[in-house]
Every structure is written in C-alpha cells, then in structure tokens.
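Encoded as structure tokens, the structure appears first; notes follow it.
The analysis underlying the following values was restricted to heavy atoms, covering all of them including side chains, and did not include hydrogens, waters or symmetry mates. Along the sequence shown, the residues carry numbers beginning at 1.
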Amino acid sequence: MTNRYIRILTIGLLTLSACSTTRTVPEGDRLYTGHDIKWQEKKKDRPKDMSALESGMAERVRPSPNRKFLGMPFKLWLYNLGNEPKGKGLNYLLRKKWGEAPVLLSQTRPKRTSDILGSYLEDNGYFQVEMEDSVKYKGKKKASLQFIVTPNHRYSIHRVRFDTDTGIISKLIIQMAKETLLKPNDFYSLDRIKEERERIHNTLKEQGFYYFTPDYMLVQIDSTLKGQVDLYVKVKPGTPSTALRQYWMRTVEVFPNYDLSRDSALKSQESRDYGGYKVIDPDSLFKPVVFNRSVFLQEDSLYRLSSHNITLQRLVNLGAFKFVRGNFRPLRDSSLLAARFYLTPYPKRSLQFEVSGTSKSNGFVGSQLKISARNRNLQKKANILEINLGGGFETQVGGKTTQLSTNAYSLNAEVAITMPRFFTPVIQFNPRTPYVPRTRVSLGYELLRRPEMYTLNAMTAQYGYIWKQTRYLDHTLYPVSVTYTLPSNLSDTFLVQQELDPALKQSIAKQFILGSNYTLTFNNQAPTRYHSFFAQFNLDVSGNLVGLFAKKDENDAKEIFGQDFAQYIRANVDGRHYWMLGNNLRWVNRLYVGYGYAYGRSVAEPLLPPTLPFIKQFFTGGSNSIRAFRARTLGPGSTPPATEGTNLLLANAAGDIKLEYNSELRYKIQKLIELAAFVDAGNIWLGNAKPDKYYQQFEFNRFYKEIAVGTGLGLRIDASILLVRFDLAFPLRKPSEVHGEPFKWSFKEIDFGDGDWRKKNLILNIAIGYPF
C-alpha cells in the first residue's frame with residue numbers, strides 16, 4: 001500500500017476519532033453508555049441457567065445505549081458530524097437517515113427498571129430477591145447504570161396436584177397429568193406454568209372442547225413451605241358451560257368459489273355430499289379429489305384442533321386460492337358445530353413477461369426474455385401447469401483475447417405439471433400433516449448456439465415428489481431424472497482447441513444421464529433467532545439400475561440404445577450457521593463438502609478413466625463462492641489459470657471433489673444499506689487424473705496446500721423486494737503458484753495503488769440476493 005493511501009486512511013480515522021461522542025449531549029445531561037448487573041452471590045452457588053437469567057435481564061433494561069460496530073459508535077459519530085437540518089441535504093442524511101441521536105441518562109428510569117428486573121427474577125423462583133440501582137458517572141458527560149442483585153434463596157417445586165371434579169374434562173386432565181411440564185425439584189418458573197396451561201388447552205381442544213382457552217386453567221401456589229412450593233392445577237371456578245362441553249361436527253361445508261358480492265346466493269345453493277363434508281360449487285370449478293386430501297374435519301366426528309388447523313393450512317397451501325376463511329358456529333342448545341370454509345380462487349390463468357440484462361467482469365454483456373404462462377386449476381384438480389419460454393444473447397464488447405466470434409444465442413422451453421398430492425400408480429398416500437405433498441412432472445429443452453464454435457442441445461425429463469415433513473424439514477425425491485446432451489456443428493478451430501484442453505472437450509461432450517436424486521433440507525432461519533441453521537444434503541445417482549442390464553463390449557464398456565450413459569454416485573452437504581451478534585450485526589459461516597465417484601468405461605473412449613458428466617461436476621469461484629476468483633477459473637488443484645485463447649472465454653474448471661468455507665460479517669447501517677466483510681477459502685480436485693496431471697488430483701498429503709483464500713468487502717442495497725449485492729474481493733493465496741513449492745501468502749504483494757495489481761487481482765461481483 002502506498003504512503004499516499006496510508007495518509008488518507010490515517011486522516012480519516014483521526015477525523016472520526018476526534019468527533020466527540022458527547023458533542024450533542026445537552027447541558028446538565030449525560031450520554032448513557034450501558035448497564036452492568038452484579039450478583040451478590042458466591043460463584044459456587046450460582047444456578048446452571050445463570051447465563052440465561054442474565055440474558056433475560058439484559059433484554060428488559062431500557063433504553064439500550066447507542067449501537068456499536070466493532071466497539072465503535074459509528075452511527076452516533078455520523079449524527080454528531082451534522083447539524084440540525086433545515087431541509088434536504090447532507091445534514092438531513094447525517095441526522096435523520098445515517099446517524100443515531102445520543103441516548104441520554106435522563107431517558108433512563110433506574111428505579112422502574114430495577115422493579116422490572118426484580119419481577120423477572122421472582123417469576124423464576126427468587127421470591128426474596130433484593131435489588132439496588134445506582135448511577136456510575138464517567139468523566140464529565142457519560143454515565144452508566146449498575147444493578148446489584150442479592151438473589152437469596154431460589155424456590156423449587158415440591159409437589160404438583162391436579163384438583164378436579166368428576167366431570168369429563170376433569171378425567172381428561174387427570175389422564176394427561178403424567179405428561180405435565182411441572183416436575184418436582186425443578187425451579188419455579190412462571191413461563192413454565194404458562195406453557196403447562198397451553199399444553200392442557202391444546203390437548204382439550206384435541207378432545208372436542210372448542211371453546212376452552214388457557215385462561216380457564218388456574219395454577220395456585222403455596223409458598224409457605226421451607227424453600228419450596230406446592231402447585232395446584234385446576235379449572236377456574238365460574239368457567240362458562242360452553243368451555244366445559246365437548247363438541248361434535250354436525251356439518252362441514254366448503255365454498256370453493258366464494259365471492260362476498262353473492263354471499264346470500266351461494267349459501268342458498270344446493271350442496272353436493274361427499275361423505276364427510278359438502279361442497280357448494282354451482283360453477284363446478286373443482287373436482288372432489290381436491291378436497292378429499294385437504295378437508296380433515298368430517299361430519300359426525302369429534303371436533304379436533306389438529307384437523308381444524310390441517311384443513312385450513314392445506315387449503316391455503318394448495319396454491320389455488322387467494323383467500324381462505326373458516327367459520328364455526330354452535331347449533332342452538334346443543335353440542336354440535338357447523339363449519340364453513342369460504343375459498344376465493346386466484347384467476348385461473350396468468351401470463352408473465354420478464355426481461356433482464358447482464359454485464360460481466362470479463363467484458364460480456366447480454367439480455368434475456370422470459371415468458372411464463374400458468375394455469376392454476378388444470379383438469380379442475382388444482383394442478384398447476386407451467387409453460388416457460390425463454391431466449392437470450394450474449395456478446396463480448398471489450399477485452400477480446402481470441403479471433404473467434406464470442407456471440408452466443410440461447411433458447412429454452414419447459415413444460416411442468418405440479419399436482420397437490422402424491423401421484424403413484426400403486427397406492428394412495430396422504431400423510432396427516434398441514435403441508436400439501438406435491439408430485440411434479442417436467443420436460444425441458446435448451447439450445448445454446450455459438451456460431452463459430454459449436455451448437456449444444458440439451459433435453460431433460462423429471463418425475464418426482466416434493467413434501468414438507470415439519471416446519472423446518474423438506475424433502476425432494478426425483479426417482480426418474482433423465483438428461484441428454486447432444487453437441488453439433490463443431491468448428492475446426494474449436495476442435496483443435498478442445499484437443500488441447502480435455503476439460504473443454506468434456507464440457508460439451510454427448511452425455512446421457514439416467515438416474516435419481518434426493519435432497520433433504522433443514523432451515524430454521526428467523527429474523528429474531530440468535531442462532532439459526534441451514535443444512536442441505538443431496539444424493540445423486542445415475543446408471544445404477546440400467547448398468548445391471550446393459551451389455552458389455554470387448555472393452556468392458558456399456559451402452560443402452562446404442563448410447564453411452566453415465567454411471568456415478570454424487571453427494572454434497574451444505575451447512576450454514578447464522579449468528580445474530582446484535583440488532584444489526586450478523587455473523588454467517590458456511591461449509592460445503594462435495595464428492596463424486598464415477599465408474600464404468602465409455603464406449604467412445606474406453607481407455608480414459610471414468611469421470612463425472614461435466615454438468616454434474618463441481619466448480620468454484622464466482623459471486624456465490626470464492627469471490628476473489630472468477631467463476632470456473634479456479635482449480636482443479638493447483639492448475640494454472642487460463643491466460644489466453646478460448647480457454648479464458650469459456651471458463652471450464654471443474655472437479656469431482658469440492659471443499660469450501662465462507663465466513664461473512666454483515667452489518668446493517670440503516671434499513672436499506674448493509675456492509676459486509678468476508679473471507680472465502682476452498683478449491684476443487686479431480687478424483688482420477690492422468691499421471692502427468694498429478695497436481696489436479698486430490699491427495700491427502702497436499703490438498704491443504706492447494707486451498708485458495710480470498711477476502712473483501714461488500715455493499716448491499718436492500719429494496720425489500722430484492723437485494724442488490726456488490727462484493728469487491730482479492731486473493732490472499734493462489735493454488736496455481738504451488739507446484740511443489742511451499743504455499744505462500746500474498747500479503748506482501750498487495751498494493752492498491754498499483755493499477756496493474758488491481759487489474760489482475762480485484763474482482764467486483766454484482767449479484768442479486770445473499771451469497772449464502
């Protein structure tokens with residue numbers, strides 16, 4: 001880094017540091033810097049859930065001090081840099097948009113906060129807690145709060161009794177007592193008591209008590225024992241008779257074409273009885289099969305909360321209805337309920353046009369047009385028919401490194417049908433879950449044309465199932481997945497080039513993949529969750545069953561219908577951890593591991609070792625991977641990067657094994673703008689390679705030397721409907737510089753003032769959405 005840039009950076013840091021954090025604090029007031037909680041108790045006597053208690057107390061202290069990033073109050077500094085705005089301008093941005101006003105000591109209420117903290121500890125068993133609060137002054141303009149806690153004895157549960165009479169509801173409560181959340185010797189907890197009331201409520205709702213709520217459960221506490229409490233759980237006196245009555249379903253009616261403007265007319269229409277429910281559909285928009293798998297509430301059956309919820313969620317998740325509303329009413333002086341479900345369908349057909357433009361760092365620009373037609377109620381069974389047509393072009397406008405034409409044209413088409421059920425030729429299967437299982441069948445075709453190089457045709461066909469097991473767990477199984485790729489019109493110049501680069505030759509080779517794949521996804525991400533996770537496992541196999549019946553030739557190679565076919569097993573795991581360090585600060589870590597094993601010889605080239613089809617191989621680099629390297633230009637192993645000719649234009653680095661780790665710190669400075677700092681590391685390798693390509697093959701004694709490392713900074717603009725991302729990265733370790741030499745870091749080579757260094761190393765990634 002040049003001295004000039006060092007001076008600029010130093011002056012900038014000194015300017016920010018010199019901007020006092022107390023400049024805008026009024027006279028007679030102080031900047032509130034936070035709080036401290038001290039426990040007057042020996043460490044050996046502290047409870048195991050001490051950290052949870054302290055965290056709960058910290059959440060209840062108000063107000064929070066000014067936010068910090070890396071220990072520095074940047075937003076307060078920005079606020080202090082400005083003056084009271086008189087209109088739109090820099091002062092307005094500093095004070096109203098970017099900055100944050102100082103949090104003042106006068107805004108705190110120590111005594112009230114102390115009472116709130118004491119109540120919180122009482123709710124967790126410290127009935128004799130003592131709280132003291134004080135203000136700690138720092139310098140002339142700063143202050144913090146200190147709370148001293150003397151917890152004294154913490155009460156635990158001695159005994160839990162369920163006091164009930166001889167009615168039906170009492171018997172049910174007694175039966176469920178063994179599953180109680182209130183256990184003897186556990187510490188007293190008001191939250192646990194609330195959970196117990198909710199548990200009893202849900203269980204009773206499952207047994208027909210439609211009007212019962214948690215408020216009708218009473219838990220009385222006897223704290224006269226020495227350090228323990230007795231809990232008495234019972235139904236609150238004066239509970240309405242409707243809440244103590246079991247209800248049965250008298251009628252269940254579905255209105256699949258409901259419109260408020262003709263409410264009265266619809267209700268007077270004749271219904272059609274389908275056994276456990278009735279449908280009022282004078283326009284015959286939907287067939288009974290749609291509701292057979294969605295309506296779980298049945299006439300003349302006991303009301304159950306689970307059946308109620310599953311029915312509502314299934315109807316919502318069908319994707320055919322814009323609005324879904326359920327209405328329950330009791331029949332006069334009886335234990336019977338009448339249920340009506342009012343469904344307002346989406347328009348049956350829709351048409352969507354999408355135009356996009358692209359600009360790449362290697363000088364390529366292009367555009368694409370996509371037309372999507374959708375039918376949401378094919379065959380009146382809520383089946384979704386999708387027809388997608390697209391076309392685009394790409395050309396290089398600068399930095400050409402070859403005399404070949406770099407124009408490219410593409411056309412693609414897909415037809416897909418998604419059915420809201422498991423469609424199997426043998427058995428009917430309808431799991432009792434709130435989530436709609438789906439069957440998807442698709443056919444697709446894609447044409448890629450490079451006029452002076454080649455034409456590539458690809459056809460795909462898939463048949464599979466998609467279902468959700470729980471709120472966080474998803475499954476996708478395609479037992480049939482067929483891909484056929486056929487190249488044509490290869491130019492003489494391109495034939496010469498691909499002979500020099502086997503990877504390029506493989507990338508457009510004729511390929512026939514007949515296999516299956518399965519994906520398991522866990523995702524519990526939530527904006528308010530401190531620790532959330534995403535994990536995905538994929539298993540892809542091809543040629544296994546076909547290989548048992550295909551005949552071998554004299555070279556032990558197999559073919560089907562006169563065609564080579566791929567035989568391989570491929571698996572990968574993608575794991576991510578999202579850690580919320582603060583209201584606007586998140587740390588995200590990602591680990592990706594992939595492995596593919598190919599077997600079976602090719603009829604066309606029986607002497608070459610078997611490899612994965614190019615479209616199934618792993619690649620790295622690019623905006624969602626190791627951002628300091630362009631996509632498909634890194635690896636395999638310590639392969640030198642392409643520097644000239646067609647190789648540079650048609651990046652094709654791919655491998656059978658992939659290791660990748662990413663770490664990113666994300667800080668949201670305001671609603672629309674987010675900053676990021678990241679480190680990426682990893683590479684790809686071949687499972688099999690020629691003897692002279694040892695440096696491309698994965699070897700335990702050297703793979704760690706071939707790990708590429710990059711770092712950089714990012715800017716994200718969050719426009720709610722989409723997030724635009726700019727990531728500027730540069731490499732710290734380049735595997736191509738190994739080749740038997742000790743792996744060296746390139747810190748000493750970093751020079752942002754050198755134009756040649758910037759051109760070779762700085763990579764700007766522009767993308768939509770987060771990288772992971």
Counterpart residues, side-chain hydrogen bond (donor to acceptor under 3.5 Å, both in side chains), relative to T519 (two or more places apart): N538

Donor-acceptor under 3.5 Å (D29 side chain, S106 main chain): yes

NZ/NE/NH1/NH2 to OD/OE distance under 4.0 Å, R374 and E386: yes

No-hydrogen, no-angle side-chain donor-acceptor test under 3.5 Å, Q246 and Y210: no

Electrostatic pair R340-E253, nearest N-O below 4.0 angstrom: yes

Lys NZ or Arg CZ of R161 over Y232 ring: under 6.0 Å, within 45°: no

Shortest non-hydrogen separation from G275 to E299 and the atoms involved: O-OE1, 4.1 Å

Geometric cation-pi criterion, R576 with F772: 6.0 Å, 45°: no

Side chain proximity check, L218 to R197, heavy atoms < 4.5 angstrom: no

Among F209, Y211, F212, ring pair (Phe, Tyr, Trp, His ring centres under 6.0 Å) partner for Y247: Y211

Contacts of Y465 that satisfy ring-ring contact (aromatic ring centres under 6.0 Å, His included) - sequence neighbours left out: F422, Y463

Sole residue of T521, D574, N523 in side chain to side chain donor-acceptor pair (under 3.5 Å) with Q536: T521

Donor-acceptor under 3.5 Å (N66 side chain, A101 main chain): yes

